[in-house]
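Just so it is clear, the values below take in all heavy atoms, side chains as well, and ignore hydrogens, waters and symmetry mates.
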Protein chains: 2
Amino acid sequence: MRADNGGVPKQNDKTVTPSPARRRELLATAAEVFAAQGYNATTVRKIADEAGMLAGSLYYHFDSKEGILDEILSSFLEELWQGYDAVLAAGLGPRETIEALVTESFREIDRHRAAVAIYQKESKHLAKQERFGYLVESQQKFEKAWLGTLERGVAAQVFRSDLDIRLTYRFVRDTVWVAASWYRPGGQHSPEEIARQYLSMVLDGIAVRE
Amino acid sequence: MRADNGGVPKQNDKTVTPSPARRRELLATAAEVFAAQGYNATTVRKIADEAGMLAGSLYYHFDSKEGILDEILSSFLEELWQGYDAVLAAGLGPRETIEALVTESFREIDRHRAAVAIYQKESKHLAKQERFGYLVESQQKFEKAWLGTLERGVAAQVFRSDLDIRLTYRFVRDTVWVAASWYRPGGQHSPEEIARQYLSMVLDGIAVRE
DNA sequence: GACCTTCCCTAACAAGTGTTTGGTAGGTTA
DNA sequence: TAACCTACCAAACACTTGTTAGGGAAGGTC
């Protein structure tokens, strides 16, 4: 549990200075292994092995296994919110906002597939730990953005009012993010194309209209 | 389904005979812990603690931690397929089949919430192990049933033909099962009511029609 | 009362875990 | 050439893990 008391930057004051480039490489391989096997099932020896080194050598770059996970998740969320905030600040209508959020989400899945998969699997019980408190904050901010947009849409009569709004929220949220479990970059469809079809299903349904 | 070599029943020939009722209790508490913390993050000591006994005592009832997981998952899938097979054998139209499958799924989530959550989190990497080969078979059977019904619906012009059918399949599949991550029995809505609203969203969309 | 069965405890085991410490090859700088 | 820094290795550490072996208390059966 970090406990970097009182505004002190998160950076730990090691005497050694690992290169940021190498760190990013190692974070990427660690993320892949975490995503494939689960965080707890992944040993630091496995990560090191995948990176072509020994377990102890990882501790030259990072101070703990949990620290690696922390960095993967927090840097992902940071980038996610950059995109989201831009969308939310654009002043779009409810339907256009939802469309933009979904599209942005699929782009994020495309770029951070492993991180998203980890987030999906682990965030729920990680959020209980103090160190990962920012997961809770992010989740609340997330709900506020999505649920708020949906409510705005219902008020503006562009979204149906006969549905439980919280059920709708979870429906939209989940359908987007679970895609990380099967999505593979460089596949048949681009993130934008997947977003387009998802939106089409969510907004208009899969049944034929008459 | 299970690879119980050559017709030999799975029952191990212990000299002791634990009561099935107590086993079911322990399986239920184990499932709760597995679902909450993840399988690998769960220690047998934690399970035993939750059950009010010591770790070693679990081995009077089960022969391994993996065996507990196996029993949770396989008995869930067994019951799931009882319901599914009944639906599939009913000879309904595509739309009615989907409706019945979704409803049945939510009933299953209601009854086996923990098992479903475990299945969602762990099945992907468990399927690589020989012992859990039945997960792969079940997943294939699952895909055949759902994807086949969707294709039948497209052919019958009750489902849209302008969507990637495999995308649609994953969409419908995921929207249903991720519900296990937030669903709590005894909540505001019955499984049937949730199924009804989910179906309404999936089939007709959340946008207002004009 | 002797025996048996059910269910759990006590106490330990071996293997695997994340992590630390000291060392060192190879390149860069002075 | 000497000092230094980066990035790793080798070997161990303390601890946790799933699992086992032996024992014993409670209750039922003969």
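The distance from atom CD1 of Ile206(A) to atom CD1 of Ile98(B), rounded to the nearest 0.5 Å, is 6.5 Å. Considering CG of Leu135(A) and CG of Asp70(A), their distance stands at 8.5 Å, rounded to 0.5 Å. Residue Trp146(A) holds its CH2 atom at 5.0 Å from CG of Leu101(A), rounded to the nearest 0.5 Å. To the nearest 0.5 angstrom, Ile194(A) atom CD1 is 12.5 Å from Ser105(A) atom OG. Put simply, CD1 on Ile72(B) and NE2 on His112(B) are 10.5 Å apart, with the number rounded to the nearest 0.5 Å. Atom NE2 of His61(B) and atom CZ of Arg22(B) lie 5.5 Å apart (nearest 0.5 Å).
Applying the salt bridge (Lys or Arg N to Asp or Glu O under 4.0 Å) criterion to Arg107(B), with sequence neighbours excluded, gives Glu104(B), Glu192(B). With sequence neighbours left out, Ala51(A) forms a side-chain contact (heavy atoms from CB on, under 4.5 Å) with Leu26(A), Thr29(A), Met53(A).
Less than 6.0 angstrom separates the ring centroid of Tyr84(B) from the ring centroid of Phe142(B).
The existence of a salt bridge linking Glu151(B) and Lys144(B) is excluded, since no basic side-chain nitrogen approaches an acidic carboxylate oxygen closer than 4.0 Å. Salt-bridge formation is detected for the pair Glu71(A)/Arg23(A): a Lys NZ or Arg NE/NH1/NH2 atom is positioned less than 4.0 Å from an Asp or Glu carboxylate oxygen. Comment: Arg184(A) does not engage Asp110(A) in a salt bridge, judged by the lack of any side-chain N to carboxylate O separation of less than 4.0 angstrom.
Whole-Å rounding puts the Tyr59(A) OH to dA10(D) C1' distance at 16 Å.
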Its contact letters, B for base, S for sugar-phosphate only and - for none at protein heavy atoms under 4.0 Å, make nucleotides 8-15 of chain C read BBB-B---
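Near DNA chain D, defined here as any heavy-atom distance below 4.0 Å, there are no residues from residues 27-43 of chain A. The stretch residues 119-127 of chain A has no heavy atom under 4.0 Å from DNA chain C, so no residue of it qualifies as close.
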Which protein N or O atoms sit under 3.5 Å from an N or O of nucleotides 27-29 of chain C?
none

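With a 6.0 Å radius and a threshold of 12 heavy atoms from other residues, nucleotides or ligands, Glu78(A) has its CD atom at or below the threshold.
Residue Ser19(B) places at least one side-chain N or O under 4.0 Å from the OP1 or OP2 atom of dC7(C).
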